Amino acid sequence: MRPLIELRQVCKHYRRGGQSVPVLHALDLEIQAGDFLALMGPSGSGKTTLLNLIGGLDRASSGSVIVDGQALEPLSSGQLANWRARNVGFVFQFYNLLPVLSAARNVELPLLLTGLNSAQRARHVAAALAVVGLADRARHRPTELSGGQAQRVAIARALVADPTLLVCDEPTGDLDRKTADEVLTLLQELNREHGKTIIMVTHDPKAAEFATHRLHLDKGQLVGVEHQGP
Amino acid sequence: MKYLPLLWAALWRRKPRTIFTGLSIAVSFLLFGLLNAFNQALNSGVELSGSDRLITTGKYSLTQLLPYGHYQQILNIEGVSRATHASWFGGVYQTERNFFPQFVTDVQTYLALYPELVLPAEQREALRLNRSGAVVARTLADRFGWSVGDRVPIRATIWPQKDNGNAWEFDLVGIFDTRNPRERGQYEMMLLPYTYFDEARRFGRGMVGWFVSEIESGADAVAVGRAVDEQFANSPFPTRSQTEKAFNQAFLKQLGDIGFIISSIMGAVLFTLLLLTGNTMMQSVRERIPELAVLKTLGFAGHQLLALVLAESVTLCLLSAAIGIGLTGLLIPLLVPHLPGGFAGMTLGPQAWLQGLGIASGLALLVGVPPALRAQRLDIVQALGGH
Ligand SMILES: Nc1ncnc2c1ncn2[C@@H]1O[C@H](COP(=O)(O)OP(=O)(O)O)[C@@H](O)[C@H]1O
Ligand SMILES: [Mg+2]
C-alpha cells in the first residue's frame, strides 16, 4: 500500500543575516495512513520545521513532500492554503484559540471555508465538541477554560472539517501530567476509533508512549524509528 | 455574512480603543456636518437672491454714504423700473446677543422691490397711512414675542437722535413672511421708516447707505448698472453698481473665503484622524499577528485576510462617520434658534451625507490598506515561531 506521507530527500535551510542555516538534511520518511507517530528529539533538532513541511505551512528547500498522492511543491500559496483547509488539522502547544470568539465560534472557523450553511456548520461544531467532551462549554470564551479544556477545543477545531491528517506540535507541552494524559488519550481515541493519522511532536517520553510509532530527530537527521504495534 | 462574527469580534477586541477611535471619527464628522450645513446656509443667500436687482453703493467702499438725491436720478435711468434705498441702522434690542439686522428704508418701496416678502393686506394699508411704521420678519417677531401695535425700543450704536440720545422707539405696523419658508433665514431683519429716522437723527441727514433698483424685464442688468455709475462718475459721490447676486458674493468674500476656511479646518481634522485611525488599525493588526497566522494555518488565503482587515477599517470608519453626521442632523434644528438669522438656512442635504461617507470611505481605505497588506503577506512560520 502506498504510504499516506512520503518525504524524498527533503532539505530545509533558513536564511539568517545573509547566511544559510541548514536545519533538515536530506530526509527520507514514509508514514502510513492510520499511524500515530511521535516525533521526538532535543530542542532545536528541527521537529517543528519537519512538522510544518508535512502540514504545508512551509516549503522544503529541496526534495519533495507528497501527502496522499499530492506533491506539495508545485502548489501556489493559495492552493496550499486550500489544501491545508481540506486535509490537515493543526494543534499547537499554546492552543492558539482566538480569544475574542467563543469555543463554538473557534471550532467553526475551518468550516467558514467550506460551502456548508450555518445549520450544517452548527451541527458539525456540536459533533466535534461532543467528541472532545466539551459540548457544555460551547459558549465559553477561551479565557474561561482551563488549559486542558482549551486544548481540547483546539483539537475539536482541528477535527471539525474531517481532515485525514492531524499535526500536533507539543500539544501537551503546557499541561500538567493528568490533563496531558487526558488529551493524549483523546488523541489515541481519534487515531484508533476515527482513523486519523496523527503526527505529534513531543519531547516527553511518557507522551510518546501513547503513539504507535516513535521517530527520533537529532540535528536535522532521523536517528531511529521505533515500532509499537497497536 | 458568515464572517460577520469574526469581523465584529476583531473590532471589539480592545473595546476602549475602538470606542475612543470611533468617537474621534464621529466627532470629526459631526464637525464636518456642521461646517457643511453652515456653508450651505451662507451659499443659499447667494443662490436665492435675484439677479434682476441692482445694488448701487459708494464707488470705493460699502460704508460710504450717498446723497438721497441720487434716488430720483436713478429712477430716471433707462431700464430701471423701480428703486428704493436703504441704510444700515446697526441698533441693539435689549442686549448684543439679540443681534439682527435693521435697515432704514422707504418700507413700502422696499417691499415692492422684494416680492418674495409678503405682508397681509390690512398691514400694507396701515403702513401706507403711518409713514413712521416699522415692519419685521415673522421669525423675529416670534423670537421676541412682538405683535402689531407694539412699540419696539432699539438702542442706536451709530445714529443718535437730535434730542433723545440713543434710545429709539418704533411702531410695529406689520409682520412680513417669505413666500418660500426656506428663504426665511435670508430675510430675518427689521425695516425702519426713513422719513421718521431722517428727521430725528442728529447728523448725516439726507444721506443713505445704498440703492436697490429693479431692472425692466428684457434690459441688461450690467448695462443698466454701467449707466447708473456713469451718471454719477463726475459727482462728489461716484457709485458702483452690481447685480444683487454679485454683490452678495463679494460681501461673503469680504467675510473671508468661507469655503477655503472650511476646507482648511476639515483638512487639519482629517489629517489628525488619519494618523489616529491609522495608528489604531496598525496596532490592532500588529497585536493580532499570531491570530491572523492561525487563520492562515487553518486555510484562510491571503486575500481573505486582506478583505477581513479592510472590512474592519471600513466598518469602523463608516459606522462612526454615519453616527457623527446623523448627530449633526439632530443638532441643527436645536442649534438654529440660538444662532443669528443668517444661519436659518442650515440644512444637511443628501449631498453632505454622500460627501461625508465618501470621505469616510477614503479614510477607511487609506488607513486599512497598509495593515491589510501586512496581514495578506504574513508568513505563518515566522509569525507562529517567533523567529
Ligand atoms: N523561521 C526560522 N528562521 C530562522 N531559523 C529558524 C526558523 N525556524 C526554525 N529555525 C531554526 O531551525 C532550527 C530548528 O528549529 P525547530 O524546527 O523549531 O526545532 P524544534 O522544534 O525541534 O525545537 C533551530 O535552530 C531554529 O533556530
Ligand atoms: Mg518546536
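Quantities reported herein were computed from a predicted structural model and do not represent experimental measurements. Quick note: numbers below take in every heavy atom, side chains included, and nothing from hydrogens, waters or symmetry partners.
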Applying a criterion of heavy atom separation less than 4.5 Å, what residues of residues 123-160 of chain A form contacts with chain B? A:R157

Side-chain donor-acceptor contacts of residues 318-328 of chain B below 3.5 Å, not counting sequence neighbours, with atom names and distances?
unit_1	atom_1	unit_2	atom_2	d
B:S320	OG	B:L316	O	2.6
B:T328	OG1	B:L30	O	3.4
B:T328	OG1	B:G324	O	3.0
B:T328	OG1	B:I325	O	3.3

Can you tell which of A:G55, A:G78, A:P99 has the highest number of heavy-atom pairs within less than 4.5 Å of chain B? A:P99

At a heavy-atom separation under 4.5 Å, does A:F94 approach chain B through its side chain, its backbone, both, or neither? neither

Take atom NZ of B:K2 as the centre, draw a 6.0 Å sphere, and report whether it contains more than 12 heavy atoms from other residues, nucleotides or ligands. yes

About how many Å separate OG1 of A:T48 and CG of B:L384, when rounded to the nearest 0.5 Å? 10.5 Å

Members of residues 288-300 of chain B whose heavy atoms come closer than 4.5 Å to chain A: B:E291, B:V294, B:L295, B:K296, B:T297, B:L298, B:G299, B:F300

Quick check on A:R121 against chain B: is it the side chain, the backbone, both or neither that has a heavy atom closer than 4.5 Å? side chain

Whatever's closer than 4.5 Å to a heavy atom in chain B on A:N52 counts as side chain

For B:A9 against A:V100, the heavy-atom pair lying closest together: CB-CG2, 3.5 Å

Mind checking whether B:D379 and A:D58 have side chains closer than 4.5 Å, heavy atoms only? no

A side-chain contact here means heavy atoms from C-beta on lying under 4.5 Å apart; do A:R84 and B:I380 qualify? yes

Portion of A:T114 that has a non-hydrogen atom of chain B nearer than 4.5 angstrom: backbone

Other residues, nucleotides, ligands: >12 heavy atoms within 6.0 Å of A:Q19 CD: no

How would you list all residue pairs meeting side-chain hydrogen bond (donor to acceptor under 3.5 Å, both in side chains) that involve residues 299-311 of chain B, not counting sequence neighbours? B:Y3-B:Q304

Walk me through whether A:L101 and B:W8 qualify under side chain to side chain contact (heavy atoms under 4.5 Å, CB included). CA-CA 10 Å; A:L101 296 180; B:W8 199 245; over 6 Å; no

For A:H203, I'd like to know if atom NE2 has over 12 heavy atoms of other residues, nucleotides or ligands within 6.0 Å. no

Show the numbers, then the answer: is there a side chain to side chain contact (heavy atoms under 4.5 Å, CB included) between A:L98 and B:L6? CA-CA 9 Å; A:L98 267 53; B:L6 197 56; 3.9 Å; yes

